[in-house]
Number of protein chains: 2
Amino acid sequence: MVRVGLTPERLTLAGAELADEVGFDQVTVSALARRFDVKVASLYSHLKNSQELKTRIALFALEELADRVADAVAGRAGKDALAAFADAYRDYAREHPGRYAAARLRLDPETAAASAGVRHAQMTRAILRGYDLTGPDQTHAVRMLGSVFHGYVSLELAGGFEHSAPDSQESWLWIVDSLDALLRNRATP
Amino acid sequence: MVRVGLTPERLTLAGAELADEVGFDQVTVSALARRFDVKVASLYSHLKNSQELKTRIALFALEELADRVADAVAGRAGKDALAAFADAYRDYAREHPGRYAAARLRLDPETAAASAGVRHAQMTRAILRGYDLTGPDQTHAVRMLGSVFHGYVSLELAGGFEHSAPDSQESWLWIVDSLDALLRNRATP
DNA sequence: GCTTTTGCCTAAAGCTTTTAGGCAAAACGG
DNA sequence: CCGTTTTGCCTAAAAGCTTTAGGCAAAAGC
């Protein structure tokens, strides 16, 4: 009986990889056990249940994505920062579709409050510092940016823009451009 | 042995209702059988498999949503049409979260091409007739509108805007307003 | 080196999907 | 109206996923 050295962390990472390969909702405790070549029940010493596995992958993905975004926007401002933010988001989703899907898992409020989701919100607000938006306008803008980026990436991943011209990349640039113009127009004089 | 009168149509509708109650991914052949108080295997005379059930619900939802949107935008133009389109979309998602999730199911290309998804694209383009966009700009705009509306609705359904001011409704109006302005700015002179 | 802890195991129950084959109710045809 | 065909729901059963309980041996601690 050789010990493989399972830990919640290793299981989470392997789960994230599995998610990217087969899709987040195909991530099961069974599939993970196969991947480590151990019996299914063995994983239950490290995970409370299947839900915990998914939550852990979600938190991991949120963190990883937040790190990437932070890296991308560091030292940038204005439209430059906006584009870097948008690209970081989109690139992550394309490189790691399963993890991206995981990051969208609905977390219970306490878990969400303790997650890197908070950093995401902060960084979005930071982007908007370049645009002089005041009061509720800032929140509206945060919500709009979140919606556009999430919406676009999720439609793109679903293959929505695959079989039609122009290229998705062009639309992406057009949209980022438009958002920049929109935010500048909304700026308080 | 009383016959209940199962048909693919009744199963689809019941599946849609079930989706709204418990979430689209909790819709199972088993749950549906329980709802009709018949044995699970009985449903397999009417459905090829679980996937077909889900696809049927998705197609049903797409159709229903397209009907609603068509109704909402009929006789309107410009910003008025844009707002009606947006609201129809959002209201459907809030009234029928499970069906809305179903409508986002990834369909294989042929199924998608034969679905009401085509009408959705046409109606989005129709909205843009009020904004004099030419060539690729129109496609970019279609993609952006789809992204914003889908993104917002999906974040809202996930509870993303629940515990913070200002009210979600205000942001929604702000966003529709902003999109209208954006599209007017993009119009070719 | 001996004890305690830990990690992976077997066993088993419950749920979902799916296929195969059976029997009785409904529909059809004379 | 009765006999035949079709249809609809049934039982049975296999295979996969989740989860719990209890066991044994490897690793860690003294």
Side-chain angles (χ1 to χ4, degrees), chain A residues 1-61 97-99 101-102 105-108 111, chain B residues 1-60 98-99 101-102 105-108 111:
Chain A
M1 197 192 306
V2 186
R3 297 201 180 184
V4 186
L6 303 175
T7 62
E9 288 71 29
R10 285 190 66 200
L11 291 173
T12 303
L13 181 57
E17 288 165 2
L18 186 58
D20 286 335
E21 290 164 23
V22 302
F24 182 55
D25 34 49
Q26 303 303 317
V27 173
T28 65
V29 179
S30 292
L32 207 52
R34 273 193 296 276
R35 179 168 271 241
F36 281 99
D37 205 35
V38 299
K39 297 294 166 183
V40 187
S42 306
L43 301 199
Y44 282 85
S45 315
H46 306 280
L47 300 168
K48 212 171 103 269
N49 52 34
S50 169
Q51 186 52 48
E52 180 178 309
L53 171 62
K54 286 176 180 160
T55 303
R56 276 179 182 278
I57 297 173
L59 293 174
F60 171 78
R99 300 180 197 196
L105 183 69
R106 185 167 190 165
L107 302 171
D108 55 290
T111 311
Chain B
M1 200 192 302
V2 186
R3 298 200 180 185
V4 187
L6 304 176
T7 63
E9 289 69 32
R10 285 190 67 199
L11 290 173
T12 304
L13 181 56
E17 288 165 3
L18 186 57
D20 286 335
E21 289 165 24
V22 303
F24 183 55
D25 35 47
Q26 303 303 316
V27 173
T28 66
V29 180
S30 292
L32 208 51
R34 273 194 296 276
R35 179 169 271 240
F36 281 98
D37 205 34
V38 298
K39 297 295 165 181
V40 186
S42 306
L43 300 200
Y44 281 84
S45 316
H46 307 278
L47 300 168
K48 215 172 100 264
N49 52 34
S50 170
Q51 185 53 49
E52 180 177 311
L53 171 62
K54 284 176 183 159
T55 302
R56 276 180 182 277
I57 298 172
L59 293 174
F60 171 79
R99 301 181 196 196
L105 183 68
R106 184 168 191 166
L107 303 171
D108 55 291
T111 311

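We name chains A, B, ... by the order of the sequence lines, and we start the count at 1 in each one. Values reported hereafter were calculated over all heavy atoms of this structure, with side chains retained and with hydrogens, waters and symmetry mates removed.
Atom-to-atom, CG of B:L43 to P of C:dT19 comes out at 13 Å; the value is rounded to the nearest Å. Remark: C1' of C:dT16 and CG of A:D25 are 16 Å apart, rounded to the nearest angstrom. Atom CD of B:Q26 and atom P of C:dT16 are 10 Å apart (whole Å). If you measure from atom NZ of B:K39 to atom P of C:dC23, you get 18 Å, rounded to the nearest angstrom. Between A:L6 atom CG and D:dA26 atom P the separation is 17 Å, expressed in whole Å. The CG atom of B:L47 sits 12 Å away from the P atom of C:dT19 (whole-angstrom rounding). Per the geometry, CZ belonging to A:F36 stands 14 Å off P belonging to C:dG7, to the nearest Å.
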Query raised in the report: Which letter, B, S or -, goes with each nucleotide of nucleotides 13-22 of chain D from 5' to 3', with contact meaning a protein heavy atom under 4.0 Å?
Result: ----SBBB--
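Side chain of A:R10 to main chain of A:G5: a donor-acceptor pair is present (N/O by atom type, distance under 3.5 Å, no hydrogens or angles).
How far OG1 of B:T12 is from CD of B:E9: 6.5 Å, rounded to the nearest 0.5 Å.
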Table please: side-chain donor-acceptor pairs of residues 17-26 of chain A below 3.5 Å, with sequence neighbours left out.
{"from": "A:D20", "atom 1": "OD1", "to": "A:G98", "atom 2": "N", "distance (Å)": "2.9"}
{"from": "A:D20", "atom 1": "OD1", "to": "A:R99", "atom 2": "N", "distance (Å)": "3.0"}
{"from": "A:D20", "atom 1": "OD2", "to": "A:H96", "atom 2": "ND1", "distance (Å)": "2.8"}
{"from": "A:D20", "atom 1": "OD2", "to": "A:R99", "atom 2": "NE", "distance (Å)": "2.8"}
{"from": "A:E21", "atom 1": "OE1", "to": "A:R35", "atom 2": "NH2", "distance (Å)": "2.4"}
{"from": "A:E21", "atom 1": "OE2", "to": "A:R35", "atom 2": "NH2", "distance (Å)": "3.1"}

Donor-acceptor contacts under 3.5 Å from residues 41-48 of chain A side chains, at least two apart:
{"from": "A:S42", "atom 1": "OG", "to": "A:K39", "atom 2": "O", "distance (Å)": "3.2"}
{"from": "A:S45", "atom 1": "OG", "to": "A:S42", "atom 2": "O", "distance (Å)": "3.4"}

Output one line per pair: protein atom, nucleotide atom from nucleotides 26-28 of chain C, and distance, for all N/O pairs under 3.5 Å.
none

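The salt bridge (Lys or Arg N to Asp or Glu O under 4.0 Å) test applied to A:R34 returns no partner, not counting sequence neighbours.
The bend of the helix from C:dG1-D:dC30 to C:dG30-D:dC1, defined by the angle between the axes of its first five and last five pairs, stands at 10° to the nearest 10°.
Counting all heavy atoms, side chain and backbone alike, A:A58 lies closest to A:L107 at CB-CD2, 4.3 Å. Across all their heavy atoms, B:L11 and B:L32 have their closest contact at O-CD2, 3.7 Å. Nearest heavy-atom pair across B:A102 and B:I57 is CB-CG2, 3.7 Å. The two residues A:Q51 and A:L105 come nearest to each other via the heavy atoms NE2-CD2, 4.1 Å.
Phosphate proximity of C:dC8 to A:S45: absent, as no side-chain N or O sits under 4.0 Å from OP1 or OP2. In terms of phosphate contacts, A:H46 brings a side-chain nitrogen or oxygen within less than 4.0 Å of OP1 or OP2 of C:dC8.
Looking at B:V27 and B:L53, their side chains come closer than 4.5 Å, going by heavy atoms from C-beta outward.
More than 12 heavy atoms of other residues, nucleotides or ligands sit less than 6.0 Å from atom CG of B:D108.
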